[in-house]
Amino acid sequence: MAFKRKSNDDSQGPKINLAAVHATVTNARAISDDVAVFTLKCDGFSFYNLRLVPKKDKPNDYFIGIPSTKGKDGNYYKQYALYLSDEAAQSIIADVLTALE
């Protein structure tokens, strides 16, 4: 069952403070030439199966993808929401790239 959302704009949610929850990147592994999966481990909780995917228009620039599942209607739905500031996202991306080296 999917929950109705008022907006598809993910920038409207509260931003997580990564320093306050001692967030670290773990289990980073490449699953193809340009996609990696990783876990964002925090105090008391973890975000599993996050993906690091290159942007189509800028192959050396990445975004963090949230895991999704296919519904009975054929559409894909996010398993959870994760709201990050631009600085926090760039920090995580750098940590994943470092872990993959």
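Everything numeric here is computed off the predicted structure, so don't read it as measured data.
Under the 3.5 Å distance criterion, the side-chain polar atoms of Ser91 are left unmatched by any main-chain donor or acceptor of Glu87.
Looking only at side-chain heavy atoms (C-beta outward), Leu50 and Val37 stay at 4.5 Å or farther from each other. In this structure, the side chains of Thr39 and Asn49 stay at 4.5 Å or more apart for every pair of heavy atoms. Contact annotation: the side chain of Ile66 never approaches that of Phe47 to less than 4.5 Å [non-hydrogen atoms, C-beta and beyond]. The closest side-chain heavy-atom distance from Leu18 to Ile92 is below 4.5 Å. Contact annotation: the side chain of Thr69 never approaches that of Tyr76 to less than 4.5 Å [non-hydrogen atoms, C-beta and beyond]. Taking 4.5 Å as the limit, every side-chain heavy atom of Val53 sits out of range of all side-chain heavy atoms of Ile64.
The structure places OH of Tyr62 at 12.0 Å from NZ of Lys55, a figure rounded to the nearest 0.5 Å. For the atom pair Leu40 CG and Phe45 CZ, the distance stands at 7.5 Å (nearest 0.5 Å). Taking OH of Tyr48 as the start and OG1 of Thr26 as the end, the distance is 7.5 Å to the nearest 0.5 Å. Gln90 contributes atom CD, which lies 10.5 Å from atom CG of Leu84 (distance to the nearest 0.5 angstrom). Going from atom CG of Asp34 over to atom CG of Asn60 covers 11.0 Å, rounded to the nearest 0.5 Å.
In terms of hydrophobic clustering, with Ile, Leu, Val, Met, Phe, Trp and Tyr side chains grouped at heavy-atom distances under 4.5 Å, Val96 and Val21 are assigned to a common cluster. In the hydrophobic cluster analysis, where Ile, Leu, Val, Met, Phe, Trp and Tyr join through side-chain heavy atoms closer than 4.5 angstrom, Leu97 is grouped together with Val25. Note on Val35: it does not cluster hydrophobically with Leu100, by side-chain heavy-atom contacts below 4.5 Å among ILVMFWY residues.
At most 12 heavy atoms of other shown residues, nucleotides or ligands fall within 6.0 angstrom of atom CG in Asp33.
Residues Asp73 and Tyr77 come closest through the heavy atom pair OD2-OH, 2.6 Å. Lys41 approaches Ser46 most closely through the heavy-atom pair CG-OG, 3.5 Å. A pairwise comparison of heavy atoms in Phe38 and Leu52 identifies CE2-N, 4.1 Å as the closest pair.
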